[in-house]
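Presented below is the structure to which this report refers.
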Amino acid sequence: MRKIIFFGAAFLLLFILSSCEDKLETEPTNRTSGSTVFSSDDNAMVALDGIYRMMYIAGWSSGNEHQNFGHMSTILFTSLMGEDMVQAAQGNGWFWFDYTYSVRNYYTSKAWRSYATWNYYYTLISNANYIIAAEGEIPGTKERVDYIIGSAYAIRAHSYFMLIQAFQQTYKGHEDAPGVPLYTEPTTAASEGKGRGTVQEVYDLITSDLDKAISLLKGWNQEHVSHIDYYVANAIRAQVALVMNDWDKAANYADEAMQKEGSSLLTDFTFGMNDVSNSSVMWGMDVIADQSTTFASFFSHMDATEDGYYAYSSNKCISSWLYSQINTTDKRIKWFQDDKGTTTYNAGTSKETIKNTPYSQRKFLWQDANSGLGDYIFMRIEEPLLIRAEALCHAGNYPAARELMKTLGEARDPQNYAEALAKVSNDNSVTFVSAGTVSTLMDYILVQRRIELWGETPRIFDILRLRKDGWTRKFSGTNHPNDGQLNKFGAASLGFPSDYKELILTIPQSEFDGNPNMSSNDQNPM
């Protein structure tokens, strides 16, 4: 397991992401956490802000740091593992191994995806555990202390939620399968590592933590958009319920999340999805100049309008099939170039088209590439809307699901959404995974989710949770490059099972090396 350093004082007094021991064992920042970090609610808030700061810094591996920059790197690699995002060329090689399903082979290295993902989320968990352990001991106002403790519970839950989805098949049908090790208390150099337990045990902790977070955060205002507040915690709880196929809870928690005051559906489709001040943003990282990065950044890998950054030689594109599902009257068409590589809007003189790559994305653009500025958006109000619509449809409440899709349609394609929505039947069947004819209301909701949240949520996690076999990159007219079409899997690549072993990561070797309760027999299928 990996030894992790606790991040305490103002935005990381101690920035050490590696150590000589490979254990998930945690020691407080220069031995001051007990007496100083939690001596007041102000100091505890600094510790909490330190955890949030970790969500967008790089350095979670011993190499390849430029593709390991916190939560957004998880969003990117899990999007590239699906079929809706195309990596048009290998370029410098970043994320290409995720895209071509090659990272699982490098589980013995500390420079690759397995180690970086495991290390990142367990670091957040370790630090959250120190805050949670201080519950009842932090002096200060009830409002701030509840807010701090509630946030820590939510961070721990969200981290375990991402881990269990990345390192195991989906919840439904795999409840008794091996989970991930669970740590709920602060650890020291003498702490013994835990075994994998079960998927059910992981989800039990996630739901318990989120319920606690929601109860503590209720009634308190979000101090900063980077913080998980009551409404974001409800949205995460809705995400979890959707994976667990608990439709009533998914719908209800999503509905509560949508009550966030001041939130509204996105109306600006040319801003580059890089500003957390937009009213649709519920949760995101406000990246300021002295904390920005350039090459080790989500935008470096996404914004192909800026020569000199990784995306320029390795465009990220929408799949040709998914693009074909966006009407020309749909405002979201502005997020992508067309089949000839023509930009459909003018984003300003600093964002003129440089590369005419067909279907290249223009949804995510730097604010200022020279200074590495661009905010990370983790959640928009559109996500709980789509979760609620899907959950209601699963439960057979078609009128309510249609009403939500009407709300989204009126904001996206007021000219043509009604006709498309009228054509689909009141049916919660999923008739296809990757490409096909939208014939049921469920098909319609899922395709709208894929368009709306392209590049914002992990597509591969949706494929896993929907448990519908037959997803593929080899649909008719595919724009996936030949070497990215999974040719190494032969005929299987024409239609993969939803629980394909290649969809989950291998556990890093360092975990087995340092944890006496984990052996090579606990490794995921190779």
Side-chain angles (χ1 to χ4, degrees), residues 56 58 66-67 69-73 75-77 79-80 84-89 91-92 94-95 225 265-281 283-289 291-319 322-323 326 330-338 340-380 382 412 451-457:
Y56 66 92
H66 286 190
Q67 65 177 9
F69 39 83
H71 184 61
M72 291 306 292
S73 62
I75 298 300
L76 185 49
F77 89 74
S79 294
L80 284 165
D84 288 343
M85 185 179 287
V86 174
Q87 185 156 340
N92 296 89
W94 306 113
F95 289 94
V225 70
L265 297 181
L266 183 69
T267 58
D268 182 358
F269 295 86
T270 63
F271 84 106
M273 208 64 70
N274 58 23
D275 187 352
V276 292
S277 68
N278 191 283
S279 63
S280 70
V281 177
W283 180 31
M285 297 295 124
D286 181 12
V287 181
I288 60 178
Q291 296 168 17
S292 64
T293 57
T294 50
F295 291 102
S297 165
F298 180 72
F299 296 103
S300 176
H301 295 278
M302 295 298 287
D303 187 350
T305 70
E306 294 288 349
D307 193 2
Y309 291 94
Y310 297 130
Y312 186 72
S313 62
S314 183
N315 273 208
K316 307 305 184 295
C317 307
I318 188 172
S319 79
L322 190 58
Y323 181 86
I326 310 174
D330 192 318
K331 298 172 184 177
R332 295 170 298 187
I333 201 76
K334 298 177 180 179
W335 287 341
F336 309 100
Q337 294 194 150
D338 62 18
K340 298 179 179 60
T342 304
T343 301
T344 55
Y345 72 95
N346 182 1
T349 56
S350 64
K351 294 295 178 186
E352 294 174 354
T353 301
I354 295 177
K355 294 200 72 176
N356 295 322
T357 303
Y359 307 109
S360 181
Q361 75 87 29
R362 293 293 181 266
K363 184 180 181 181
F364 303 97
L365 303 171
W366 291 101
Q367 285 182 23
D368 182 352
N370 292 331
S371 56
L373 286 179
D375 295 344
Y376 287 173
I377 295 173
F378 290 171
M379 183 180 294
R380 292 188 291 124
E382 287 81 357
R412 297 295 180 263
I451 295 169
E452 183 70 34
L453 301 179
W454 184 94
E456 296 181 65
T457 56

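FYI, the numbering just counts along the sequence from 1. Source: prediction; values computed, not measured.
In this structure a side-chain-to-backbone donor-acceptor pair under 3.5 Å is present from D330 to R332. In this structure a side-chain-to-backbone donor-acceptor pair under 3.5 Å is missing from K363 to G455. The backbone N or O of W366 lies less than 3.5 Å from a partner atom in the side chain of D303, making a donor-acceptor pair. Side-chain atoms of N278 come within 3.5 Å of backbone atoms of S280 as a donor-acceptor pair (strictly under, hydrogens ignored). Distance alone, capped at 3.5 Å, is enough to place a donor-acceptor pair between the Q337 side chain and the T357 backbone. No donor-acceptor distance shorter than 3.5 angstrom exists from the side chain of S300 to the backbone of A296, with no hydrogens or angles considered.
In this view, D375 satisfies the salt bridge (Lys or Arg N to Asp or Glu O under 4.0 Å) rule with no residue, not counting sequence neighbours.
Separating the CG atom in D307 from the OH atom in Y309 is a distance of 10.5 Å, to the nearest 0.5 Å. I75 contributes atom CD1, which lies 10.0 Å from atom CG of L453 (distance to the nearest 0.5 angstrom). Separation of atoms CG (D268) and CE (M273) is listed at 9.0 Å; rounding is to 0.5 Å. I451 contributes atom CD1, which lies 9.0 Å from atom CG of D84 (distance to the nearest 0.5 angstrom). Atom CG in L265 sits 8.5 Å away from atom OG in S279 (nearest 0.5 Å). Taken to the nearest 0.5 Å, the CZ atom of F298 stands 11.0 Å off from the CG atom of N274.
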request  = Dump the intermediate steps for side chain to side chain contact (heavy atoms under 4.5 Å, CB included) on E306 and L365, then the final yes or no.
outcome  = CA-CA 9 Å; E306 294 288 349; L365 303 171; over 6 Å; no
request  = Check the pair H71, M285 against side chain to side chain contact (heavy atoms under 4.5 Å, CB included), reporting the backbone distance first and the verdict last.
outcome  = CA-CA 10 Å; H71 184 61; M285 297 295 124; over 6 Å; no
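Annotation for V86 and S319: closest pair CG2-CA, 4.0 Å, computed over non-hydrogen atoms. Summarising the geometry of V225 relative to W283, their closest heavy-atom pair is O-CD1, 3.3 Å, with the distance given to 0.1 Å. Closest heavy-atom contact between S79 and T457: OG-O, 3.4 Å. For D275 against V281, the heavy-atom pair with the smallest separation is O-CG2, 3.9 Å. Annotation for C317 and S360: closest pair SG-CA, 3.6 Å, computed over non-hydrogen atoms.
By the 4.5 Å heavy-atom criterion applied to side chains, Q361 and M85 are not counted as neighbours. Within the 4.5 Å cutoff, the side chain of L76 has heavy atoms near those of the M302 side chain. Side-chain contact between F299 and Y376: present, with at least one pair of heavy atoms (C-beta onward) separated by less than 4.5 Å. E456 is not listed as a side-chain neighbour of E382, based on a closest heavy-atom distance of 4.5 Å or more. Looking at heavy atoms from C-beta onward, R362 lies out of side-chain contact with T270 at the 4.5 angstrom threshold. Taking 4.5 Å as the limit, every side-chain heavy atom of W335 sits out of range of all side-chain heavy atoms of W454.
The aromatic rings of Y359 and Y323 lie perpendicular to each other, with more than 60° between the two planes, well past the 30° mark. Ring geometry for H301 versus F95: interplanar angle over 60°, hence perpendicular rather than tilted (30 to 60°).
Between Y310 and H66, the distance from one ring center to the other falls under 6.0 angstrom.
If you check the side chains of S314 and Q87, you find a donor sitting under 3.5 Å from an acceptor.
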